[in-house]
*Asks:* 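Provided herewith is a single structure, encoded as structure tokens, for subsequent inquiry.
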Amino acid sequence: MPRPFPILLSLLLLAVSCREPASVESFLRGEGPYVFTVDMTDSTAVYDLDLYTRIDARECPAQIPLAITWKAPSGLSFTETVYLPVGRATSSFSHDAYAPYRAGVVPSDWGIWTLTISVPSAPEGLCGMGLVVKKQLWDTEN
């Protein structure tokens with residue numbers, strides 16, 4: 001007969017390991033446009049979004065203009081231009097860019113959104129575009 005303690009411990013570990021991750025990261029290689037799906041279905045959460053990329057070139061601009069289009073689950077969309085700052089070279093042939101894009105986002109429509117990023121003036125050596133979505137539960141005490 002199996003001992004109850006190992007079975008209970010296994011069930012407890014399984015329950016803890018099945019939690020949703022606190023963040024989701026996606027990187028799309030190539031020239032773009034880069035199309036991401038952003039799950040904002042949880043009405044008890046706010047979302048932080050970060051953008052990142054890598055440029056494999058000896059020289060690159062200090063920032064990269066990005067044309068960003070959001071499409072809501074309802075079909076409505078809006079477009080904006082943002083500038084992704086490029087950091088110092090990480091090697092003699094590579095530059096990384098990582099920056100917060102939006103913090104504390106509360107969507108107007110709960111659901112799956114589509115985020116399309118175009119790089120109209122892509123620097124030579126741009127490897128792709130990445131998006132990090134961090135989900136945080138609302139602070140209900142404030």
*Asks:* How long is the gap from CD1 on Ile55 to SG on Cys127, to the nearest 0.5 Å?
*Replies:* 8.5 Å
*Asks:* Taking the side chain as every heavy atom from C-beta outward, state whether Phe36 and Ile117 have any atom pair closer than 4.5 Å.
*Replies:*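 They are in contact (side-chain heavy atoms under 4.5 Å apart), so the answer is yes.
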*Asks:* Side chains of Val82 and Tyr101: does their closest heavy-atom pair fall under 4.5 Å?
*Replies:* yes
*Asks:* How close do Pro120 and Pro65 get, heavy atom to heavy atom, and via which atoms?
*Replies:*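 Smallest heavy-atom distance, with atoms named: CD-O, 3.6 Å.
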*Asks:* Which one of Thr37, Leu28, Asp50, Val38 satisfies the side-chain contact (heavy atoms from CB on, under 4.5 Å) criterion with Leu131?
*Replies:* Val38
*Asks:* Kindly say whether Gly128 contributes a backbone atom to a donor-acceptor pair with the side chain of Thr53 at under 3.5 angstrom?
*Replies:*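 Checking the backbone N and O of Gly128 against the side chain of Thr53, a donor-acceptor pair under 3.5 Å is found.
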*Asks:* Would you sort out whether Asp42 and Trp110 count as a side-chain contact (heavy atoms from CB on, under 4.5 Å), showing the intermediate values?
*Replies:* CA-CA 7 Å; Asp42 188 347; Trp110 301 106; over 6 Å; no
*Asks:* If you look at every heavy atom in Pro85 and Ala99, which pair is closest and at what distance?
*Replies:*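 Closest approach of Pro85 to Ala99: CD-CB, 3.9 Å.
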*Asks:* Where do Ser94 and Asp56 come nearest, in terms of heavy atoms and distance?
*Replies:*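 Taking every non-hydrogen atom into account, OG-OD1, 2.6 Å.
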*Asks:* Do other residues, nucleotides or ligands put more than 12 heavy atoms under 6.0 Å from Glu80 CD?
*Replies:*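 Yes.
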*Asks:* What distance do Cys60 atom SG and Arg54 atom CZ have between them, rounded to the nearest 0.5 Å?
*Replies:*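 Taking SG in Cys60 and CZ in Arg54, the distance rounds to 11.0 Å.
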*Asks:* Show your reasoning for whether side-chain contact (heavy atoms from CB on, under 4.5 Å) applies to Leu126 and Val119.
*Replies:* CA-CA 10 Å; Leu126 182 72; Val119 188; 4.1 Å; yes
*Asks:* Do Gln63 and Val86 have side chains that get closer than 4.5 Å, going by heavy atoms?
*Replies:*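 Side-chain contact under 4.5 Å: no.
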*Asks:* Looking at Glu31, I'd like to know if its CD atom is crowded, meaning that more than 12 non-hydrogen atoms belonging to other residues, nucleotides or ligands lie closer than 6.0 Å.
*Replies:*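 No, the 6.0 Å shell around CD holds no more than 12 heavy atoms from other groups.
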*Asks:* For Leu84 and Leu51, work out which heavy atoms get closest and say how close.
*Replies:*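 Heavy atoms only, the tightest pair is CD1-O, 3.9 Å.
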*Asks:* What distance do Met129 atom CE and Ser26 atom OG have between them, rounded to the nearest 0.5 Å?
*Replies:*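 Here the interatomic distance stands at 13.0 Å.
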*Asks:* For Thr69 and Thr79, run side-chain hydrogen bond (donor to acceptor under 3.5 Å, both in side chains): C-alpha distance rounded to whole Å, both residues' side-chain angles, the deciding distance at 0.1 Å, then the answer.
*Replies:* CA-CA 4 Å; Thr69 301; Thr79 301; 3.0 Å; yes
*Asks:* Rounded to the nearest 0.5 Å, what separates atom CG in Leu66 from atom OG1 in Thr81?
*Replies:* 8.5 Å
*Asks:* Does Phe93 reach the side chain of Arg58, with side-chain heavy atoms less than 4.5 Å apart?
*Replies:*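 They are in side-chain contact.
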*Asks:* Working to the nearest 0.5 Å, report the span between CD of Glu59 and CD of Glu124.
*Replies:* 11.5 Å
*Asks:* Which heavy atom of Val132 sits nearest to which heavy atom of Tyr98, and what is that distance?
*Replies:* CG2-OH, 3.7 Å
*Asks:* Please round to the nearest 0.5 Å and tell me the distance separating atom NZ of Lys71 and atom CH2 of Trp113.
*Replies:* 11.5 Å
*Asks:* Counting C-beta onward and ignoring hydrogens, is there a side-chain heavy-atom pair between Pro123 and Ile64 closer than 4.5 Å?
*Replies:* yes
*Asks:* Indicate yes or no: does Asp39 engage Lys135 in a salt bridge with an N to O separation below 4.0 Å.
*Replies:* no
*Asks:* Would a distance-only check, ignoring hydrogens and angles, find a side-chain to backbone donor-acceptor pair under 3.5 Å from His95 to Ala57?
*Replies:* yes
*Asks:* Could you check if a side-chain atom of Leu76 sits within less than 4.5 angstrom of a side-chain atom of Trp70, using non-hydrogen atoms only?
*Replies:*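 Sidechains of Trp70 and Leu76: no contact.
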*Asks:* Val133 pairs by side-chain contact (heavy atoms from CB on, under 4.5 Å) with which of Leu115, Asp48, Val105, Leu49?
*Replies:* Leu49
*Asks:* Under a 3.5 Å threshold, yes or no: a donor from one side chain and an acceptor from the other, between Asp96 and Tyr52?
*Replies:* no
